[in-house]
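If you read the sequence from its start, that first residue is 1, and numbering goes on from there. Read the numbers this way: they start at 1 and go in the same order the structure lists the ligands and their atoms.
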Amino acid sequence: MADNTAAIQIRELEVSYGWGRSTTRVLHGITLDVAQGNTVAVVGESGSGKSTLAKALVGSVRPSAGSVTIGGLDVTTTRGARRTAMRRKVQLIPQDPYSSLDPRRTIGEALAEAVDPQRAKVRRHADDIVHWLETVRMPADTLHRYPHELSGGQRQRVAIARGLIVRPEVVIADEITSALDVSVQAEILGLIAKLRVELGLTMLFISHNLAVVRRVSDEVVVLYQGEVVEHGPAAQVYGDPQHEYTRTLLNAVPGAPGFDIEPRQREAA
Ligand code: ADP
Ligand code: MG
């Protein structure tokens, strides 16, 4: 599936942790393209290497072999100002925004800093901040709030706004609903489903739950022990899974949020 216009190109990516005899390889030759404007769900059980893949994409772990290219720039070899620019092109939304939001700073300050680290003035960027808060369906006055004043779901909306305010080329969402209650999880999935259509996001949406990703994916990649065991259009992976492990994942999740909701068309309507 080589595609030179892909927003994300991953080629024979290998990542190992540790040194010498205690080296453990966690990703084994991952090859994957994500086309501009597409969302690819990456699904696999805990420990399958999903977060390691996310980290390799943002350059916080170094591949032992292979390459990751984003917007035409190699994540591992690009240096200097181009690297700084590239870092903004790829935004990682973490599972737990509470740990990444400074408790002493308002939401407005956090968003101002994301948009302009040098001159992080809320007033200067207020219009932009309010626009992105409203985009994630949060009231404008959230900008005066502190993280502890918000619920888990609201913090996750803020984390999404903070990722989007820099207008990234690629968004990586790593288990962003996993820490939330089921009903809140469904709300956030609904929001992501809308935003990816409205904004034409290019996204890697990571989850351990195959049911969760259904309404937020064009394609699904199944990761098992650091290898891609299945990759195809979402309808095909759900309707006619090829790999035994995918079938196990599908059987593990009836009734999970989003499972009975038809993907995409509904949000686009
Ligand atoms: P997932 O996100 O799918 O749960 P991870 O990428 O976090 O998987 O982890 C994949 C494997 O790599 C696991 O066996 C995990 O224990 C191991 N691992 C993750 N991070 C590190 C690290 N910093 N040092 C050593 N091993 C790690
Ligand atoms: Mg993880």
**Item:** CA sep, side-chain torsions, deciding dist, call: Asp240, Gln242, side chain to side chain donor-acceptor pair (under 3.5 Å)
**Value:** CA-CA 6 Å; Asp240 185 21; Gln242 299 301 302; 3.2 Å; yes

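Here Ser51 reaches the Mg ion (ligand 2): one of its N/O/S atoms is less than 2.8 Å from the metal.
In this structure, atom 12 (O) of ligand 1 has a protein heavy-atom contact shorter than 4.0 Å.
When only interatomic distances are considered, the shortest N/O to N/O separation between Lys55 and ligand 1 does not fall below 3.5 Å.
A donor-acceptor contact closer than 3.5 angstrom links the side chains of Glu230 and Thr246. Between Asp74 and Ser67, the side chains place no donor N or O within less than 3.5 Å of an acceptor N or O (distance only, hydrogens not considered).
Contact annotation: Glu175 has no heavy atom less than 4.0 Å from any atom of ligand 1. Taking a 4.0 Å cut-off on heavy atoms, Gly44 fails to register as neighbouring ligand 1.
The cationic group of Arg104 does not satisfy the cation-pi geometry with Tyr146, failing either the under 6.0 Å distance to the six-membered ring centre or the 45° limit from the ring axis.
For atom 4 (O) of ligand 1, the nearest non-hydrogen atom of the protein is Gly47 N, 2.7 Å. Nearest non-hydrogen protein atom to atom 27 (C) of ligand 1 is Tyr17 CD1, 3.2 Å. At the shortest separation from atom 9 (O) of ligand 1 among protein heavy atoms lies Thr52 OG1, 3.9 Å.
Considering every non-hydrogen atom in both Trp132 and Arg167, the closest pair reads NE1-NH2, 3.4 Å. The minimum heavy-atom distance between Ala114 and Val166, with the atom names listed, is O-CG1, 3.2 Å.
With ligand atoms numbered from 1 in the order given, ligand 1 contributes 1 (P), 2 (O), 6 (O), 7 (O) to contacts under 4.0 Å with heavy atoms of Ser51. Set against the non-hydrogen atoms of Gly49, the atoms of ligand 1 under 4.0 Å away are 1 (P), 3 (O), 5 (P), 6 (O), 8 (O), 10 (C). Close contacts of ligand 1 with Glu45, meaning ligand atoms under 4.0 Å from a residue heavy atom, involve 3 (O).
Relative ring orientation between Tyr245 and His243 is described as perpendicular, the plane-to-plane angle rising above 60° on a 0-90° scale split at 30° and 60°.
Glu187 and Arg137 are not joined by a salt bridge, as no carboxylate oxygen comes within less than 4.0 angstrom of a charged side-chain nitrogen.
Contact annotation for Val26 and ligand 1: only side-chain heavy atoms (C-beta onward) come within less than 4.0 Å of the ligand.
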